[in-house]
Amino acid sequence: MNNTFGINIIPDNDQERIAALKRYKILDTPSEESFDNIAKLGTEIFDVPISLVSLVDEENVFFKANAGMGTATKSSRGVSLCALGILEADITVFEDALETPCLLANPLVAGDFGLKFYAGAPLVTHDGFKIGTICIVDKKPRSFTKKDELVLKRLAKITMDAIELRLSAINEVEQQKIINERLAESEANAKLLSENLAAEVKEQALARKRIEAAEQRMESMVMNSNIGMSIFKGRDLVIEVANEPMYAIWGRTPQQALNKPLLEVFPELQGQAFPEMLDNIFVSGKPWENKEIPVELKTETGTKNFFINVKYVPLFDENENVELVVATVINITEIVQTRKLLEETNEELAVTMEEIQASNEELIRAYDDLKIKTEQLGDSESRFRSMIDQSPVAMMVTRGEDHVVDMINPIMLQILGNKQDILGQPLFDTFEELRSQGFKEIIYNVYATGKPFYSFDNPVTLLIDGKEQLRYFDLAYTPIREEGEINSVLQVAIEVTDQIANLEKLKNAEEMLRLAIEAANVGTWHIDLQTWHCQTSAGLKRLYGCDTNDEMVYPDNSDQIPAEHRQRVLDAVDETIQTGKPYNVEYPVMGIRDGQLRWLKASGKINHNIRNTSSYFSGVAIDITEQKQDELRKNDFIAMVSHELKTPLTSLKGYMQVLIAKNKANTDNFTFTALEKGSMQITKMTKMIDGFLNLSQMEAGKIYLRKSDFLISDLVKEIVDDFKLVTVTHLIVISSESTARVEADRDKIGQVITNFLSNAIKYSTTGTVIAVYCEATEHGIKISVKDEGNGISKEDCKRLFERFYRVANPSRDSIAGFGIGLYICAEIIERHDGRIWVESEKGIGSIFNFSLPTSIVL
Ligand code: ADP
């Protein structure tokens with residue numbers, strides 16, 4: 001709002017004032033004559049050009065009546081002077097606007113309109129709100145007297161009254177409108193009600209008609225039905241309607257019954273079921289029905305007994321109470337009587353039928369029994385036949401004294417040469433050859449006495465294709481009884497020709513073997529490992545130098561083995577028994593009786609019986625004394641040759657050393673080198689000859705130990721120092737020393753260490769380290785020589801200590817040796833009760849060890 005007055009034009013209670021104004025529902029309404037007249041009166045009374053009835057709203061001033069302002073209906077509250085008119089309780093007068101400072105900026109005053117005079121009296125509501133003014137305006141200044149003021153105030157009062165009046169008129173009209181509307185509504189309702197009423201009346205009339213029609217229909221139905229029908233009314237059961245069939249059942253006339261209570265007509269019904277049943281229907285309202293009810297009625301001709309089917313149906317009045325009961329009654333006396341008659345006849349019939357059925361059932365049972373028995377009989381017969389037919393052994397049944405063939409299976413037929421037409425023929429007519437071999441008597445005997453006959457491995461000559469064939473059979477002849485009487489014989493034959501032939505072959509083979517063993521001077525033995533019972537052949541007894549009849553007992557007879565070999569043999573036997581490894585040993589035996597020394601080579605193994613329940617150790621032994629003697633002779637020869645060679649070789653070596661010493665100063669390089677190489681070859685040759693000498697001595701059992709007590713690490717040091725002097729290719733170190741003392745042959749143990757060291761040098765590459773260890777263990781002293789050579793495979797490791805064993809390796813063919821060094825080492829260590837072994841890994845190196853029992857450890 002644009003306030004042109006420069007002063008506050010909004011009173012404190014403006015909101016309530018506007019609410020009071022709105023109460024009058026006058027804002028923005030069209031002009032009304034009464035107000036127009038008041039405005040006009042204003043102009044006329046005060047002789048001014050303009051008079052307005054204005055109402056001051058929130059933003060605007062609304063002119064309800066306008067005299068002299070053309071068509072204007074409103075003005076802005078900030079411009080209209082009436083905005084000021086409502087601020088004062090009394091009248092507001094500006095006699096000359098130009099002299100009033102707050103109006104100078106007012107467009108009405110300053111503008112073309114040229115307002116100079118204004119007087120306005122407020123329109124005050126009954127509750128004191130100034131909602132507008134009645135004002136007069138002039139374009140020239142005027143003076144306004146107290147009287148004028150009074151008149152304008154009265155005008156204002158009239159105007160306010162007119163506004164109040166107008167409001168009550170409006171309210172009245174609205175009230176009237178609501179009343180009218182309600183009136184219209186109740187009129188419409190009344191109309192609807194009367195319409196419904198009419199429809200209902202119509203319906204009722206229709207229903208009545210329908211009921212009447214139904215009643216009529218029912219009555220005519222009752223009357224025309226050929227089933228007895230009647231209608232009872234009320235709990236007195238007054239007979240209202242009854243038809244002809246009903247009267248016929250009752251045995252009464254309409255005159256006697258109609259419109260009378262039931263019990264009056266039929267006093268005899270008192271105590272019977274009907275009256276109570278009917279009365280119940282009035283209470284429950286449910287229909288009731290029953291069949292075949294016996295009734296007793298008294299008629300003029302006497303008491304009447306009959307059966308009826310009855311149905312009672314209730315009919316209700318408008319209050320849903322039972323008013324009538326329609327009774328439907330059919331006389332079924334005749335039907336019941338006929339049925340009873342029929343039933344009686346039927347009963348008789350049923351008894352007869354039952355009797356017939358019982359005897360039939362018995363018949364069926366007997367027949368079934370018979371059938372089962374016959375089937376069983378047939379079954380067992382056919383089972384027997386099929387058993388014989390499918391039997392895997394030859395079978396035949398002969399009947400009677402003539403032994404007529406009754407059944408024969410394909411196997412038996414085949415054995416007998418596939419002679420057809422044999423069935424039904426006496427057996428011995430067809431097979432004359434069987435009779436001649438005495439079978440007829442045997443079978444007859446079975447037939448006559450009932451005693452079965454069994455025979456095994458029986459030779460039978462059969463004539464097959466005209467040729468005689470000798471075959472062997474296990475035979476069984478059994479009598480067959482029928483109802484206690486023997487009437488046939490079952491013959492079973494199992495051919496054992498092949499087994500007999502095999503047995504023969506086996507016997508021959510055994511004999512051959514026995515002869516071969518005898519001839520080859522081979523001894524055999526067989527020891528039961530459960531009982532240790534020992535069976536020996538004559539050959540073995542011979543080898544042990546005793547008589548054929550002498551008993552040989554294991555392990556007692558091992559006493560005959562010289563002490564130095566005994567343990568080895570017993571250990572080998574033990575190992576075979578424990579591990580199942582084959583047994584292969586060579587050992588000497590001193591003859592028990594002849595005292596002769598024989599060398600034996602024995603091979604054996606563990607065997608088990610078929611069921612694996614027992615096992616035995618058996619084998620053969622042969623005499624290799626001759627061979628051994630050859631070897632000993634050879635050894636002697638080698639020993640002799642080696643020995644003979646040693647002396648000249650020793651002096652040759654001496655000469656060579658003198659020559660080398662003498663040629664040290666010689667400038668002739670070739671001579672010196674040649675002499676050195678020659679000397680080296682002599683050393684090699686000496687070693688070889690020493691080896692052979694050792695071997696031959698050992699084989700001959702001629703290694704004698706000269707034991708002494710010494711400090712083992714001294715010996716190791718000595719040998720290593722010697723090696724260091726002559727070895728430039730390898731670095732030899734003693735990695736550990738021990739203070740253990742041993743009781744041993746110093747030279748022989750030294751020989752073992754030397755062998756280990758020279759092998760380590762021989763079989764590892766130049767520049768590698770060879771370490772010697774000397775350690776005390778809980779079992780004694782252990783000496784090890786470790787190299788960084790190529791190592792030895794596991795397979796080779798096992799056999800390394802065997803005589804003449806060398807690892808096959810083309811690249812080492814150039815390395816001198818015979819494979820006897822380690823063999824001799826093993827022999828030496830074993831004789832010292834020590835242990836020798838090798839640990840090796842291919843590509844890494846080997847460690848050769850031996851251990852000796854220590855005497856004292858300091
Ligand atoms: P030889 O006179 O052939 O060396 P030995 O009985 O001393 O006979 O050795 C048997 C075989 O064992 C040798 O031929 C060699 O193949 C193998 N052998 C022995 N020592 C070593 C070792 N330190 N490294 C690898 N192989 C070895």
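Side-chain atoms are counted along with the backbone in the values below, which use heavy atoms only and exclude waters and symmetry mates. Counting starts at 1 for both ligands and their atoms, following the listed order.
Using a 4.5 Å heavy-atom threshold, the side chains of Glu795 and Arg799 count as separate. Within the 4.5 Å cutoff, side-chain heavy atoms of Val742 are placed close to those of Phe710. Looking only at side-chain heavy atoms (C-beta outward), Ile836 and Phe848 stay at 4.5 Å or farther from each other.
Residue contact check: Val807 has heavy atoms under 4.0 Å from atoms 14 (O), 16 (O) of ligand 1. With ligand atoms numbered from 1 in the order given, ligand 1 contributes 1 (P), 2 (O), 4 (O) to contacts under 4.0 Å with heavy atoms of Lys762. Close contacts between ligand 1 and Leu800 involve ligand atoms 12 (O) [criterion: under 4.0 Å to a heavy atom]. Atom numbering of ligand 1 starts at 1 in the shown order; those under 4.0 Å from a heavy atom of Asn755 are 7 (O).
At a heavy-atom distance under 4.0 Å, no atom of Asn790 approaches ligand 1. When non-hydrogen atoms are compared, ligand 1 lies under 4.0 Å from the side chain of Ile792 (C-beta onward) but not from its backbone.
In terms of N/O distances under 3.5 Å, ligand 1 is approached by Leu822. Residue Asp787 places at least one N or O, backbone or side chain, under 3.5 Å from an N or O of ligand 1. The shortest N or O to N or O distance between Phe848 and ligand 1 is not under 3.5 Å.
With ring centers used as reference points, Tyr587 lies 6.0 Å or more from His565. Proximity of the aromatic rings of Trp837 and Phe801 is defined here by a centroid distance below 6.0 angstrom, and this criterion is not met.
Between Phe723 and Ile732, the closest heavy-atom pair is CB-CD1, 3.8 Å. Nearest heavy-atom pair, Lys782 versus Thr777, reported as atom, atom and distance to 0.1 Å: CB-CG2, 3.9 Å.
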